[in-house]
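Worksheet: one structure, shown below.
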There are 2 protein chains.
Amino acid sequence: MMTIREVTELTGIAAPTLRYYEKEGLLPHVKRNENGKRLYDEEDLSWIHFVTALRATGMPIAQIQKYVYLYKEGDSTISERKLMMLNHKKEIERSIRDLYFNLDKINYKLALYDVLESQIERTSIKI
Amino acid sequence: MMTIREVTELTGIAAPTLRYYEKEGLLPHVKRNENGKRLYDEEDLSWIHFVTALRATGMPIAQIQKYVYLYKEGDSTISERKLMMLNHKKEIERSIRDLYFNLDKINYKLALYDVLESQIERTSIKI
DNA sequence: CCTTGACTTCAAGTAAACTTTATCTTTTAA
DNA sequence: TTAAAAGATAAAGTTTACTTGAAGTCAAGG
């Protein structure tokens, strides 16, 4: 069992953020010691990593809340949770496609700069 | 020359957003008619598409402001602007890598759900 | 003993990027 | 020609996801 300090050191996530995630219901069953201090076990760490992956891929807090709510409901919600993950997978794939699409535009801009610079260079040589 | 309405229809960007971008200095040299109404030409449209690509790839407004400021300075800032684009290109590539990395985790989760469902199915057949 | 440091909670504050509202002027269609 | 629609400005409001501050508790070290 780890303290919140150890978890912040291990994950790089600030303690207030961990408390905020827990308060919002993104981290089910984080335990406390006899004085009310948080204690995290391996399963809590798994949840933290999972929530972090969802956040990093743009899933809003509210949707993760819903997912965790379904998780707490038990096995009857497995298909719905799987569907959420399938939809989110599609969202991520769309994000990747969009990034590639816009990256092309940036590369086009860079190519223009290359042309521009070579023109300037040629002009300079002429002078 | 197009009105703001035609631009919103063409680009899907809301008129208040176009005004906001202009006020923040992201759209240089948008003209006005004799009564102060905005008129957009092809070059303005290019800027709008470019700004949209930068925003869609996560460049903050403040950084685009800086880019446009350099653009207005003239040719002496070409290398700096090119550098900004090169750095942004790296940022986009990093974002894409991160998304792939986290997509793997989601796919792993989905694989777990597949196992779970097949287990449930087998159990049901036994009953 | 008592102070320091690591917790706790709750409420308020922040940042970024829009979006909405209020008020006013100008077109445009009936 | 007049009423509705479209456009302008400035300021305030919204949303999301944290972050910071205030005030209190508790264990450990000097």
Side-chain angles (χ1 to χ4, degrees), chain A residues 1-27 29-41 44 47-69 88 91 95 98 102, chain B residues 1-27 29-41 44-45 47-69 88 91 95 98-99 102:
Chain A
M1 300 291 260
M2 315 171 77
T3 66
I4 198 166
R5 161 160 267 267
E6 289 167 316
V7 174
T8 67
E9 282 165 2
L10 192 68
T11 63
I13 302 169
T17 306
L18 289 170
R19 295 192 194 101
Y20 166 72
Y21 281 175
E22 188 182 335
K23 191 172 65 123
E24 294 299 315
L26 311 189
L27 303 177
H29 52 59
V30 173
K31 301 288 187 308
R32 304 296 180 105
N33 73 5
E34 62 280 5
N35 296 310
K37 315 236 157 144
R38 288 169 177 81
L39 289 175
Y40 299 83
D41 62 17
D44 295 321
W47 272 102
I48 290 168
H49 288 309
F50 181 50
V51 166
T52 301
L54 294 177
R55 289 293 304 119
T57 49
M59 184 180 282
I61 299 281
Q63 211 173 329
I64 306 177
Q65 274 173 346
K66 186 187 169 189
Y67 180 91
V68 176
Y69 169 78
H88 187 53
E91 284 293 306
S95 299
D98 286 355
N102 286 300
Chain B
M1 300 291 260
M2 316 171 77
T3 65
I4 198 166
R5 160 161 268 266
E6 290 166 314
V7 175
T8 67
E9 281 164 3
L10 192 67
T11 64
I13 301 169
T17 305
L18 289 170
R19 297 193 192 101
Y20 166 72
Y21 282 175
E22 187 183 336
K23 190 171 65 121
E24 294 299 314
L26 310 190
L27 304 176
H29 53 60
V30 172
K31 302 288 188 307
R32 304 295 182 105
N33 73 5
E34 62 280 5
N35 294 309
K37 314 238 156 146
R38 289 169 177 82
L39 289 176
Y40 299 82
D41 61 16
D44 294 321
L45 275 184
W47 272 103
I48 290 168
H49 288 309
F50 181 50
V51 166
T52 301
L54 293 177
R55 289 292 306 120
T57 49
M59 184 180 281
I61 300 280
Q63 212 174 328
I64 306 177
Q65 275 173 345
K66 187 187 168 188
Y67 180 91
V68 176
Y69 168 78
H88 186 54
E91 284 294 305
S95 298
D98 285 356
L99 283 177
N102 287 299

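So that the names make sense, note that chain A is the first sequence line, chain B the second, and so on, each numbered from 1. Keep in mind that what you see is a predicted model, and the values were worked out from it rather than measured.
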Taking OP1 and OP2 of D:dG7, is either one under 4.0 Å from a side-chain nitrogen or oxygen of B:Thr3? yes
What's the separation between atom NZ in A:Lys37 and atom CZ in A:Arg5, rounded to the nearest 0.5 Å? 13.0 Å
So, is B:Thr17 near the phosphate of C:dT19, with a side-chain N or O under 4.0 Å from OP1 or OP2? yes
Gap separating the OG1 atom of B:Thr17 from the CG atom of B:Leu26, nearest 0.5 angstrom: 11.0 Å
Contact under 4.0 Å: A:Tyr21 side-chain N or O vs D:dC18 OP1/OP2: yes
Establish, with yes or no, whether the OP1 or OP2 oxygen of D:dA27 is under 4.0 angstrom from a side-chain nitrogen or oxygen of A:Asn35. yes
Could you tell me how far apart B:Ile4 (CD1) and D:dT9 (P) are, to the nearest whole angstrom? 9 Å
So what does A:Arg55 touch, heavy atoms closer than 4.0 Å: a base, only the sugar-phosphate, or nothing? sugar-phosphate
How many whole angstroms separate atom CD of A:Glu22 from atom P of C:dC10? 12 Å
Answer yes when A:Glu22 and A:Arg32 have at least one side-chain N-carboxylate O distance shorter than 4.0 Å, and no when they do not. yes
Kindly point out which of C:dC18, C:dC7, D:dT19 is positioned nearest to the side chain of B:Tyr20? C:dC18
Whole angstrom is fine here: how far is it from CZ in A:Arg5 over to P in C:dT4? 18 Å
Measure the distance from CG on A:Leu27 to C1' on D:dC18 and round it to the nearest whole Å. 14 Å
Of B:Gly58 and B:Glu34, the one whose closest nucleotide on DNA chain C sits nearer the 5' end is B:Gly58
Which of these nucleotides, C:dA17, C:dT20, D:dC18, is closest to any side-chain atom of B:Pro16? C:dT20
Could you pick out which residue, B:Lys37 or B:Met59, lies toward the 5' side of DNA chain C when each is mapped onto its nearest nucleotide? B:Met59
Whole-Å distance separating the CG atom of A:Leu26 from the C1' atom of D:dA17: 11 Å
Are any of B:Arg32's side-chain N or O atoms less than 4.0 Å away from OP1 or OP2 of D:dT9? yes
Rounded to whole angstrom units, what separation is found between the NZ atom of B:Lys23 and the P atom of D:dA12? 12 Å
Rounded distance (Å) that lies between atom P of C:dA11 and atom CZ of A:Arg19: 16 Å
Output yes when a side-chain donor or acceptor of B:Gln65 lies under 3.5 Å from a complementary backbone atom of B:Glu24, and no otherwise. yes
A:Leu54 CG to D:dA17 C1', straight-line distance once rounded to whole Å: 15 Å
Mind checking A:Arg38 for me? I need base, sugar-phosphate or nothing, with any heavy atom below 4.0 Å counting as a touch. sugar-phosphate
From the set C:dA17, D:dT20, D:dA8, return the single nucleotide nearest to any side-chain atom of B:Ile61. C:dA17
The side-chain contact (heavy atoms from CB on, under 4.5 Å) partner of A:Tyr21 among A:Ile64, A:Val51, A:Val68 is A:Val51
